Asks: 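The structure under discussion is supplied below as structure tokens; questions concerning it will follow.
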Amino acid sequence: MKPLLGIFGGTFDPVHFGHLRTALDVKQALDMDQVRFLPNSIPPHREQPWLDMTTRKTLLEIALQDMPGFELDCRELEREGKSYMVDTLASLHEDFSDHHLCLILGMDAFAGLPLWYQWQRVLQLCHIVVIGRPGFDWPSSPELQALEGRRTSDAGELKRAEAGLILLQSVTQLDISASNIRKQLQAGRDIRYLLPEAVRLKLLEILNT
Ligand code: ATP
């Protein structure tokens with residue numbers, strides 16, 4: 001029996017309330033000790049970020065600063081080359097051997113899991129907490145259907161088993177995405193109320209310099 005540590009990876013281009021409220025819902029529902037936010041430097045499965053690494057990190061620092069139990073983890077930014085989650089999890093596993101790791105994935109990100117480098121090893125290193133997202137249903141791919149036997153709805157099981165379980169967690173449904181925020185900014189629209197005000201102000205300051 002070990003306490004749970006949430007791992008929330010992403011591009012955070014920029015961080016918004018869809019990330020923050022989701023992480024808080026998961027942390028509270030599963031009684032996690034903390035949630036670590038891991039911005040990636042070179043995401044292997046998507047186009048490159050719009051905001052540079054330093055800006056994404058600065059905005060995350062602002063977003064997380066007042067929230068106890070939310071931690072910024074920059075190990076992927078500091079590592080050379082592509083950000084493979086399996087390498088990240090192996091390093092987290094070493095650093096937090098007194099916790100069970102729970103990888104938090106939106107339904108869209110979970111659907112892409114079979115495309116990840118060494119994706120089956122991921123389930124040897126952590127549990128997966130899948131979160132519902134507006135517009136995304138449980139994926140129908142044969143690889144993910146084959147994981148059906150690993151599903152649990154009991155948070156206590158995640159504390160008892162070392163790794164390999166999948167839990168579907170419902171969270172506040174917020175139809176907010178970083179791509180929509182970027183689109184609105186590029187169209188000259190106001191992005192207020194989609195992300196923390198201090199993050200919005202810093203982002204505008206950076207874009208205007
Ligand atoms: P983009 O629109 O650029 O693809 P995004 O808003 O999906 O970005 P990411 O940084 O790619 O943000 O996402 C990191 C993680 O957060 C992923 O697991 C993603 O599914 C999840 N996520 C992002 N937005 C939401 C949301 N509104 N509700 C639930 N999960 C979300």
Side-chain angles (χ1 to χ4, degrees), residues 5-30 32 35-64 67 70-77 82-86 88-89 92 101-116 119 122-123 126-139 141 144 166-187 189 191 193-196 199-200 203:
L5 186 88
I7 310 295
F8 200 24
T11 313
F12 303 108
D13 187 26
V15 61
H16 53 71
F17 281 135
H19 301 125
L20 297 167
R21 183 65 224 180
T22 295
L24 182 55
D25 282 340
V26 171
K27 181 176 181 293
Q28 292 186 128
L30 303 183
M32 290 176 167
V35 175
R36 301 184 76 77
F37 287 68
L38 281 92
N40 50 26
S41 59
I42 308 179
H45 301 297
R46 52 176 291 162
E47 57 190 58
Q48 296 310 302
W50 178 59
L51 296 169
D52 62 48
M53 193 196 284
T54 314
T55 302
R56 291 184 294 123
K57 183 178 157 192
T58 302
L59 299 180
L60 268 166
E61 272 164 2
I62 294 171
L64 305 183
M67 182 57 208
F70 277 9
E71 301 292 336
L72 178 59
D73 189 318
C74 290
R75 69 188 66 214
E76 292 200 337
L77 298 183
K82 290 192 174 177
S83 306
Y84 289 120
M85 185 48 86
V86 71
T88 305
L89 287 167
L92 285 160
L101 307 183
C102 295
L103 182 62
I104 303 168
L105 291 178
M107 193 64 90
D108 55 317
F110 178 64
L113 180 69
L115 301 174
W116 292 13
W119 73 273
V122 167
L123 280 159
C126 66
H127 299 302
I128 295 184
V129 176
V130 183
I131 42 188
R133 231 185 134 171
F136 295 95
D137 295 327
W138 189 269
S141 71
L144 295 181
I166 300 176
L167 183 141
L168 179 59
Q169 179 61 48
S170 60
V171 297
T172 311
Q173 297 289 288
L174 291 169
D175 194 1
I176 301 175
S177 68
S179 38
N180 181 259
I181 291 175
R182 297 195 296 275
K183 225 184 275 168
Q184 302 227 38
L185 272 172
Q186 281 153 6
R189 299 229 181 89
I191 57 167
Y193 313 132
L194 297 172
L195 68 180
V199 173
R200 182 185 75 90
L203 175 56

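Remember, it's 1-based here, ligands and their atoms both numbered in the order they're listed. Just so we're clear, the structure is a prediction, and the values are computed from it rather than from any experiment.
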Asks: I want to know if ligand 1 touches A178 in the polar sense, i.e. an N/O pair below 3.5 angstrom.
Replies: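 Yes, A178 has an N/O under 3.5 Å of an N/O on ligand 1.
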Asks: Would you name the heavy atoms of N40 and T11 that are closest together and state the gap between them?
Replies: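 Nearest pair, atom of N40 first, then T11: OD1-CA, 3.4 Å.
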Asks: Counting from 1, what ligand 1 atoms have a heavy atom of G10 closer than 4.0 Å?
Replies: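 Reading through ligand 1 atom by atom, the close ones are 10 (O), 14 (C).
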Asks: Would you say V26 and F8 make side-chain contact, with heavy atoms under 4.5 Å?
Replies: no
Asks: Just go through S179, G106, A23, G18 and tell me whose heavy atom is the nearest to atom 17 (C) of ligand 1.
Replies: G106
Asks: Using a strict 4.0 Å cut-off to heavy atoms of F12, name the atoms of ligand 1 that fall inside it.
Replies: 10 (O)
Asks: Strictly under 4.0 Å, does any heavy atom of H16 approach an atom of ligand 1?
Replies: yes
Asks: Is there a polar contact between ligand 1 and D175, counting only N or O atoms under 3.5 Å apart?
Replies: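 In fact, backbone or side chain, D175 has no N or O that close.
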Asks: Which atoms of ligand 1 are found less than 4.0 Å from any heavy atom of R182?
Replies: 3 (O)
Asks: Which atoms of ligand 1 have any heavy atom of A109 under 4.0 Å away?
Replies: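 The atoms of ligand 1 under 4.0 Å from a heavy atom of A109 are 18 (O).
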Asks: Hey, mind stepping through L24 and L20 against side chain to side chain contact (heavy atoms under 4.5 Å, CB included) and telling me if it holds?
Replies: CA-CA 6 Å; L24 182 55; L20 297 167; over 6 Å; no
Asks: How far does CZ of R75 sit from OG1 of T88, to the nearest 0.5 angstrom?
Replies: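 Reported to 0.5 Å precision, the distance equals 8.0 Å.
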Asks: Is D13 near ligand 1, meaning one of its heavy atoms is under 4.0 Å from it?
Replies: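 No; D13 lies far enough from ligand 1 that no heavy-atom distance drops under 4.0 Å.
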Asks: Classify the ring geometry between F12 and H19 as parallel (under 30°), tilted (30 to 60°) or perpendicular (over 60°).
Replies: perpendicular
Asks: Is L38 close to L77 at the side-chain level, that is, under 4.5 Å between some pair of heavy atoms?
Replies: no
Asks: Under 4.0 Å from any heavy atom of D108, which atoms of ligand 1 are there?
Replies: 19 (C), 20 (O)
Asks: Can a non-hydrogen atom of F8 be found less than 4.0 Å from any atom of ligand 1?
Replies: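 Yes, F8 has heavy atoms under 4.0 Å from ligand 1.
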Asks: Please report the interatomic distance CG(L113) to CG(L103), rounded to the nearest 0.5 Å.
Replies: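 Rounded to the nearest 0.5 Å, the CG-CG separation comes to 8.0 Å.
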Asks: Using a strict cut-off of 4.0 Å, indicate which atoms of ligand 1 neighbour a heavy atom of S177.
Replies: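 Going through ligand 1 atom by atom, the ones under 4.0 Å from S177 are 2 (O), 6 (O).
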Asks: Would you indicate whether the side-chain heavy atoms of T22 and L174 approach each other to under 4.5 Å?
Replies: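 Result no, sub-4.5 Å side-chain heavy-atom pair not found.
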Asks: When you compare the side chain of L185 with that of L203, does any pair of heavy atoms fall below 4.5 Å?
Replies: yes
Asks: Quick check on contacts: which atoms of ligand 1 are under 4.0 angstrom from a heavy atom of G9?
Replies: 14 (C), 15 (C)
